[in-house]
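Reviewing the structure listed below.
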There are 2 protein chains.
Amino acid sequence: MVTDAKTYTVSEAARLAHVTVRTLHHYDEIGLLVPSKRSASGYRLYTDADLRRLHQILLLRELGFPLETIGRVLDDPSYDRATALRAQRELLVERIRRTESVVRAIDRALDALERGTEMEPERLFEGFEDFDHAQYEAEARERWGHTEAYKESLRRTRRYTKEDWAAIRAESEGLMDEFAAALTAGKSPEDAADLAERHRLHIERWFYPLTREGHVGLADLYEADARFGKYFESRAPGLTQFVASAIRANAARAGA
Amino acid sequence: MVTDAKTYTVSEAARLAHVTVRTLHHYDEIGLLVPSKRSASGYRLYTDADLRRLHQILLLRELGFPLETIGRVLDDPSYDRATALRAQRELLVERIRRTESVVRAIDRALDALERGTEMEPERLFEGFEDFDHAQYEAEARERWGHTEAYKESLRRTRRYTKEDWAAIRAESEGLMDEFAAALTAGKSPEDAADLAERHRLHIERWFYPLTREGHVGLADLYEADARFGKYFESRAPGLTQFVASAIRANAARAGA
DNA sequence: CTTGACCCTCACGCAACGTGAGGGTGTAAC
DNA sequence: GTTACACCCTCACGTTGCGTGAGGGTCAAG
């Protein structure tokens, strides 16, 4: 691939992308979008590749993801632009559907107004049940390691109801509780291997196929990502390490 | 109208509207949505009317308006729910169109990827040219006083291009510059009446029919709303009062 | 050289909540 | 009556993602 010689100044890039210069400064500052070049006088110079990354950033931002998450996604070794674009497309289509739902609720409200009747509150707020970002994100975090896995989980989860999500959450929380209990009871990671296996099956059932090798990769992710650490540690100090070790113990005994 | 006996606790209202309890606390705190009742123990109790107001809040929030603006709109004496719903509907439909545009840009990006070609940057970011809230807001501020006027201006402005907006802004800025120059030169508001007339015609041309009486109402708004004050004062100290007085002088001489 | 548009870094401030802390209320079960 | 649990209150620190200057440098045209 030929080196891209065309560059844009910060204001040019901002204008093209419909964002502010300050936004681009900020993204540079936090390492989200660092311009590929700087002029001799220190001016930021953005390349086409930079603009493509910016496009991804704006798509995910539009979908409501926090910048920190966006950065992690884009920097993941398994990140693949085509797959990401497709996934983002699906989420955007879903968003359109929801907005259409809001519009229909407006129509019904206008209708009720003209008839002098009242709408049920639930129907008034249709379309506002935005997908739960925390939920999506927690689950998404378990996916990012595997792009194909992400795709598969998207295929599956798109049809999940609130009840499904509630069940997923209950099951997940239950497993975490049991991990915490095992740790508190002084058990070793090897003793918790069954729990790890159940955890793996939980992901397999609800999200995507997960080999034990993949599970170990996930354990690495748990240890590396401070947000997982925060989640686990809030339950029991040392839980992150414990879960990760249990996962490794599970993989090791399967290999035995 | 019969008094509405049905009430909802804060969590019930939050669940119905798909927002958090904290959000409702916050809205109460800032006076945006104050529950109609409180129980003997101090619990917030929301009525159906409260939920209808919340619906409006969420619609305008969804469209990107700041809460302060939302509050002003809903508290305006000329606020009319049906008209507001219709206007919001139109803005939401526009938003759907823009998101569809984003999706089409994704499709083109995927196409280019498969062909190994590159997209023009402008086309990559199509759909992200979100309507300029500051612009809309500045212009909307000139509308709120008259609901019919708002409707008319919406009808007109929906088809305005970026060039139109640029022209509007240039004209508006130009007028403001001339007002500031007149003030700085020590002219009286009476001497600036012609400018006021041009200002009135500017609004008539781009937004809605504006009588001189209506123009005076606008002058009142300029003086009453701190945000206008901020805008004018940033150009020249005392400009708010000057413009308002010029508008009144213009109306007075037309009556002479 | 001057002017005007653009560039840089630095940094205070804000909107809109999120997340506890600490304590009260209501209801059902024991 | 006590306990447990889910919900309620106010208070308040903190976060995210910029907006808005301040103060000064760069570039190109007149």
Side-chain angles (χ1 to χ4, degrees), chain A residues 7-35 37-46 54 57-58 60-72 130 132-135 137-138 226-227 230-231 233-235, chain B residues 7-35 37-46 54 57-58 60-72 130 132-135 137-138 173 177 226-227 230-231 233-235:
Chain A
T7 60
Y8 309 87
T9 60
V10 70
S11 65
E12 285 165 345
R15 183 183 53 76
L16 286 169
H18 308 287
V19 297
T20 63
V21 167
R22 180 71 184 93
T23 298
L24 294 179
H25 283 184
H26 181 62
Y27 291 172
D28 184 6
E29 204 169 289
I30 62 174
L32 181 59
L33 178 63
V34 180
K37 301 175 183 177
R38 289 267 187 156
S39 71
S41 44
Y43 286 17
R44 292 173 174 81
L45 299 174
Y46 295 86
L54 180 55
I57 290 167
L58 295 186
L60 290 165
R61 188 183 76 165
E62 182 70 24
L63 289 165
F65 291 96
L67 299 185
E68 197 269 337
T69 302
I70 293 172
R72 277 193 38 248
D130 205 2
D132 183 342
H133 282 108
Q135 197 165 268
E137 221 180 304
R227 299 177 72 152
K230 191 175 169 189
Y231 173 66
E233 298 306 303
S234 72
R235 288 173 169 276
Chain B
T7 59
Y8 309 87
T9 59
V10 68
S11 63
E12 285 166 344
R15 182 183 53 77
L16 286 168
H18 308 286
V19 297
T20 63
V21 167
R22 181 72 183 93
T23 298
L24 294 179
H25 282 185
H26 181 62
Y27 291 172
D28 183 6
E29 205 169 288
I30 63 174
L32 180 58
L33 178 63
V34 181
K37 301 175 183 178
R38 288 270 186 154
S39 71
S41 45
Y43 286 18
R44 293 172 175 80
L45 299 174
Y46 295 87
L54 180 54
I57 290 166
L58 295 185
L60 290 165
R61 187 182 78 165
E62 182 69 23
L63 289 165
F65 291 97
L67 300 186
E68 197 269 336
T69 302
I70 294 172
R72 278 192 39 246
D130 204 3
D132 182 343
H133 283 107
Q135 197 165 270
E137 221 180 304
E173 300 282 353
D177 285 344
R227 299 179 74 153
K230 190 174 168 187
Y231 174 68
E233 298 306 301
S234 71
R235 288 173 168 277

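Chain letters run A, B, ... following the sequence lines, proteins first, then strands; residues in each count from 1.
Taking side-chain N and O atoms only, B:H25 has no distance below 4.0 Å to OP1 or OP2 of C:dC17. Checking the phosphate oxygens (OP1, OP2) of C:dG18, a side-chain nitrogen or oxygen of B:T20 falls inside 4.0 Å.
When rounded to the nearest whole Å, the span between OH of B:Y46 and P of D:dC8 equals 10 Å. Between A:I70 atom CD1 and D:dT16 atom P there is a gap of 13 Å when expressed in whole angstrom units. Between A:E29 atom CD and C:dC8 atom P the separation is 12 Å, expressed in whole Å. Per the geometry, CG belonging to B:L24 stands 15 Å off P belonging to D:dC7, to the nearest Å. Put simply, CG on B:L45 is 13 Å from C1' on C:dT25, counting in whole angstrom units.
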Check nucleotides 21-24 of chain C against the protein and report each pair of N or O atoms closer than 3.5 Å, with its distance, or say if there are none.
unit_1 : atom_1 : unit_2 : atom_2 : d
C:dG24 : N2     : B:Y43  : OH     : 2.8

N/O to N/O distances under 3.5 Å, protein versus nucleotides 14-16 of chain C:
unit_1 : atom_1 : unit_2 : atom_2 : d
C:dA16 : OP1    : B:L67  : N      : 2.7

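Here A:R15 pairs with nothing under the salt bridge (Lys or Arg N to Asp or Glu O under 4.0 Å) rule; sequence neighbours left out. Residues passing the side chain to side chain donor-acceptor pair (under 3.5 Å) test with A:R38, sequence neighbours excluded: A:D28. For B:H25, the side chain to side chain donor-acceptor pair (under 3.5 Å) partners two or more places apart in sequence, or in a different chain, are B:R44.
Residue order along DNA chain D, read from the 5' end via each residue's closest nucleotide, puts B:R38 first among B:R38 and A:R22.
Residues A:L45 and A:Y8 are not in side-chain contact: their nearest non-hydrogen atoms beyond the backbone lie 4.5 Å or more apart. Side-chain contact between B:H26 and B:L67: present, with at least one pair of heavy atoms (C-beta onward) separated by less than 4.5 Å. Counting heavy atoms from C-beta outward, A:Y27 and A:I57 have side chains that approach closer than 4.5 Å.
Rounding to the nearest 0.5 angstrom, the gap separating the CG atom in A:L32 from the CZ atom in A:R61 is 10.0 Å. Separation of atoms CG (B:L58) and CD1 (B:I70) is listed at 8.5 Å; rounding is to 0.5 Å.
Checked against B:Y46 for a side chain to side chain contact (heavy atoms under 4.5 Å, CB included), the options B:L16, B:L54, B:L24 give a single hit: B:L24.
Out of D:dT26, C:dT9, C:dG18, the shortest distance to the side chain of A:S41 is found at D:dT26.
A heavy-atom distance below 4.0 Å to DNA chain D is reached by none of the residues of residues 8-15 of chain A.
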